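Everything numeric here is computed off the predicted structure, so don't read it as measured data.
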Amino acid sequence: MADKLVVSTSPHFQKPGSTAGIMWTVNVALLPAGVAGVVIFGFSSFWLMATAIAFAVVCEALIQKGRGQKVTISDGSAFMTGLLLAFNLPPHCPLWVAAVGSIFAIAIAKQAFGGLGRNIFNPALAARAFLMAAWPQHLTVFTKPFVYDAVTSATPLHLLKEGKAADLADMGLEYWDLLVGNRGGSLGEVCVLVLVLGGLYLLWKGVISWHTPGSFVGTVALLTWVFGSRQGFFQGDWLFHILSGGLALGAIYMATDYVTSPITKKGQMVFGAGCGVLTVVIRLWGGYPEGVCYAILFMNGLVPLIDRFMKPRRYGV
Amino acid sequence: MKKLWRELWKGVFSENPIFFIVLGLCPALAVSTSLQNAVGMGLAATFVLVCSNILISSIRNFIPDKIRIPCYIVVIASFVVIVEMVMKAYAPALNRSLGVYVPLIVVNCIILGRAEAFASKNPVLLSLADGIGMGAGFTFALVVISFIREFLGSGKLAGYTVIPGFEPALVLALAPGALLILGLLMGGIQWVKSLRS
Amino acid sequence: MGKILAIVISNLLINNYILFRFMGLCPFFGVSKQTKPALSMGLAVIFVLMVSGVFTWAAYQYLLLPFGIEYMRTVVFILIIAASVQFIEMVILKMSPSLYKSLGIYLTLITTNCVVLGVTVLNTEDFFSAGKAISGSFFYAALQALSAGLGFTFVLLLMSGIRERLELADVPESMEGIPIAFIIASLMSLSFMGFIGIKI
């Protein structure tokens with residue numbers, strides 16, 4: 001009974017459905033992207049997802065048991081963390097790396113803060129950033145799409161960052177390729193089409209709102225249009241940028257995580273815009289080719305301050 | 001005699017400056033990337049701590065209360081200057097890898113803290129023991145942290161590869177890893193403390 | 001222009017004094033439980049950094065170098081810093097006694113804040129070469145001091161916001177207090193890694 005008396009900051013929004021209901025709805029929305037990952041990169045993707053999910057779920061069960069709490073793995077949140085972590089890894093990443101990542105995500109980024117609803121940083125992204133810093137050699141090897149024996153190939157953003165290609169034509173790709181996933185990249189980020197469909201499903205079900213993803217993608221589009229071209233301002237290939245890298249995955253599924261994003265709608269717009277600015281800064285001027293992961297993590301840290309300064313109006317006061 | 005021994009040992013375990021009093025964190029994280037750095041910094045800081053404890057304890061009855069902190073700082077800073085010069089002359093490689101953290105010994109909270117909390121109120125011999133004990137505890141903590149960081153973060157110990165084929169988690173040699181290791185160590189210690197009580 | 005931006009970004013983000021250089025950790029963990037004292041502490045540190053940054057640069061340029069006593073740098077600098085802190089304390093006491101009271105001992109402890117001595121020492125390493133000041137040295141030194149202070153304040157603020165929120169969470173007993181603060185700092189440091197290699 002005690003853990004039904006939750007004291008948290010207001011407002012307490014009432015959404016139809018329980019926590020478990022919402023989590024599993026998101027998992028369902030993510031599954032097509034997982035299937036796409038297997039279709040595009042081969043069966044190793046399946047094992048990567050399975051490993052990440054298994055370690056996340058078992059880790060959470062063990063920790064909750066050890067703390068004497070009720071084991072809540074059936075609420076689907078550990079499952080989702082494992083799945084999202086796998087989506088952010090290269091498809092042929094060694095399984096042990098994913099396992100360590102899942103343990104980090106659950107034990108450190110989630111349970112150490114008190115469990116579901118209490119973490120500040122998105123666990124899957126925190127784990128990915130940790131893995132990138134720990135074993136960069138495994139996190140930066142990407143493979144060709146539709147060639148199931150791992151053949152290394154650079155992602156479009158890598159080619160752009162290293163100056164090996166100036167635009168899509170140089171890379172031998174078209175926008176359609178980016179949309180469908182005919183490019184190198186992380187397991188779950190490449191098939192933008194399926195990710196967007198899942199996002200629309202979540203919007204329809206009322207699980208996410210358009211504010212965060214809208215301002216995130218919009219900001220990236222605007223800034224890359226203004227600054228993205230070497231030939232001058234206002235000539236950037238913004239369509240390329242919103243279809244590449246982890247933007248679709250990040251904006252729709254990771255930046256919208258209730259726990260780590262602002263409570264108010266205005267706050268969410270600010271949050272999304274901030275993510276967008278940082279993503280573009282890192283993509284265009286930073287050392288890494290892709291910035292979505294760090295952008296979201298950085299903004300996660302700002303969320304308590306955003307919430308504090310954007311407290312909703314108290315009517316009748 | 002027993003009192004001396006007690007003052008000495010408390011610094012290493014029960015009142016370890018880093019793990020229990022939680023002071024001197026800056027160098028603990030910054031120089032714990034390798035065992036050599038840890039030992040080097042530990043010895044340098046211990047030297048300054050012992051000397052300043054002795055001096056401050058000897059003149060404790062002559063320092064006016066109002067300006068005692070600046071006095072302590074001048075004493076400590078002078079010994080740090082000595083350490084800096086000696087290190088530059090006889091251990092230039094160590095000096096280079098410790099970098100700006102050598103002059104920062106002067107603001108190491110442990111040294112000022114012990115001056116204020118102990119040396120200013122106790123006779124010279126006890127202060128000497130306290131200095132040696134705290135310095136040893138500080139060095140011990142640094143060694144523990146850098147053992148973990150060097151081994152897991154670069155696969156080496158004191159520069160020698162230990163397990164061939166082990167893929168180290170590079171992040172542990174970097175800032176986020178240092179903070180993580182220290183957080184987990186502190187958490188572990190708090191857990192052990194709570195088991196005891 | 002490039003150098004100015006490089007100094008600002010480096011001190012503010014990439015080599016942030018708290019999250020990457022591990023300086024200023026004591027106040028970072030001590031004053032970061034609430035946003036108001038955190039902001040006040042940050043501003044006080046910026047003041048001290050500016051004042052002592054200027055005077056330590058002058059001392060190095062006009063006193064230590066000409067007389068060949070650079071090795072006295074540590075002693076001279078720490079005395080200047082202690083004096084700056086005394087000065088700031090008097091100013092704050094006059095301007096806002098309640099602020100003075102809320103900062104308490106931590107105001108005096110700015111003297112031992114590694115950031116202040118660290119920045120002043122790094123100024124002499126970065127902006128002097130072979131015993132001579134490089135061109136624009138004074139300006140760069142002041143800029144470095146300001147950016148370091150801003151970076152320190154920013155991270156302090158971030159931390160206080162997070163810790164305020166964690167008051168309502170159910171952190172495991174063994175992690176309460178210092179341990180979870182370190183974990184938070186570790187994750188913040190990870191997120192700051194995104195800024196590595198920025199060249200505008």
Side-chain angles (χ1 to χ4, degrees), chain A residues 2-3 6-9 63 66-67 69 104 107-109 111-123 125-134 161 227 278-279 281-309, chain C residues 2 5-6 9-10 12-16 18-20 32-36 38-39 42 151 153-200:
Chain A
D3 52 18
V6 174
V7 179
S8 63
T9 50
I63 292 183
R67 282 187 75 189
Q69 293 174 333
F104 182 88
I108 302 209
Q111 290 300 334
F113 286 83
L116 183 64
R118 274 62 173 266
N119 50 298
I120 304 287
F121 297 95
N122 185 307
L125 286 179
R128 196 216 182 265
F130 175 77
L131 291 178
M132 179 68 187
K161 178 66 63 173
F227 296 105
L278 289 173
T279 302
V281 165
I282 296 177
R283 275 191 188 181
L284 295 184
W285 301 296
Y288 294 112
E290 171 60 288
V292 168
C293 167
Y294 296 105
I296 298 180
L297 274 180
F298 188 89
M299 292 306 294
N300 281 158
L302 273 170
V303 164
L305 286 177
I306 293 179
D307 274 342
R308 198 174 187 278
F309 289 113
Chain C
L5 219 50
I9 293 181
S10 164
L12 200 61
L13 297 170
I14 309 175
N15 288 313
N16 185 283
I18 298 183
L19 297 178
F20 285 97
S32 62
K33 284 208 149 166
Q34 285 167 330
T35 13
K36 263 192 104 195
L39 186 59
T153 307
F154 177 54
V155 173
L156 205 57
L157 262 180
L158 273 183
M159 186 60 144
S160 64
I162 295 176
R163 285 184 95 181
E164 268 181 350
R165 172 167 283 197
L166 277 186
E167 290 288 303
L168 301 166
D170 176 31
V171 178
E173 229 178 62
S174 55
M175 298 298 282
E176 254 172 33
I178 298 275
I180 194 65
F182 269 105
I183 304 284
I184 298 171
S186 164
L187 294 174
M188 277 168 61
S189 182
L190 268 180
S191 74
F192 271 63
M193 279 188 81
F195 297 112
I196 290 180
I198 285 202
K199 275 194 276 250
I200 299 193

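If you measure heavy-atom distances from A:Phe104 to chain C, the contacts under 4.5 Å come from the side chain alone. Proximity to chain C is absent for every atom of A:Glu290, based on heavy atoms less than 4.5 angstrom apart. Residue contact with chain C, scored on non-hydrogen atoms closer than 4.5 Å, involves the side chain of A:Ile120 exclusively. Using a 4.5 Å cut-off between heavy atoms, A:Leu284 does not touch chain C at all. Within the 4.5 angstrom heavy-atom criterion, only side-chain atoms of A:Phe121, from C-beta onward, approach chain C.
Smallest separation of non-hydrogen atoms from A:Arg67 and C:Asp170: NH2-O, 3.2 Å. Closest heavy-atom contact between C:Thr35 and C:Gly161: CG2-N, 4.2 Å.
Of the listed residues (C:Leu157, C:Val171, C:Leu166), the greatest number of heavy-atom pairs within a distance under 4.5 Å of chain A belongs to C:Val171. With respect to chain C, the highest number of heavy-atom pairs below 4.5 Å among A:Val303, A:Leu302, A:Ile296 belongs to A:Leu302.
Within a 6.0 Å sphere centred on CD of C:Glu173, heavy atoms belonging to other residues, nucleotides or ligands number 12 at most.
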Discussion item. Let's go through C:Ile18 and C:Met159 carefully: what are the C-alpha distance in whole Å and the side-chain angles of both, what is the deciding distance for side-chain contact (heavy atoms from CB on, under 4.5 Å) to 0.1 Å, and is it a yes or a no?
Written reply: CA-CA 11 Å; C:Ile18 298 183; C:Met159 186 60 144; over 6 Å; no
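Side-chain contact between A:Gln69 and A:Ile63 is absent, with no heavy atoms from C-beta onward closer than 4.5 Å.
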Contacts table for residues 174-198 of chain C: side-chain donor-acceptor under 3.5 angstrom, sequence neighbours left out:
unit_1   : atom_1 : unit_2   : atom_2 : d
C:Ser186 : OG     : B:Pro176 : O      : 3.0
C:Ser189 : OG     : C:Leu19  : O      : 3.3
C:Ser191 : OG     : C:Met188 : O      : 2.7

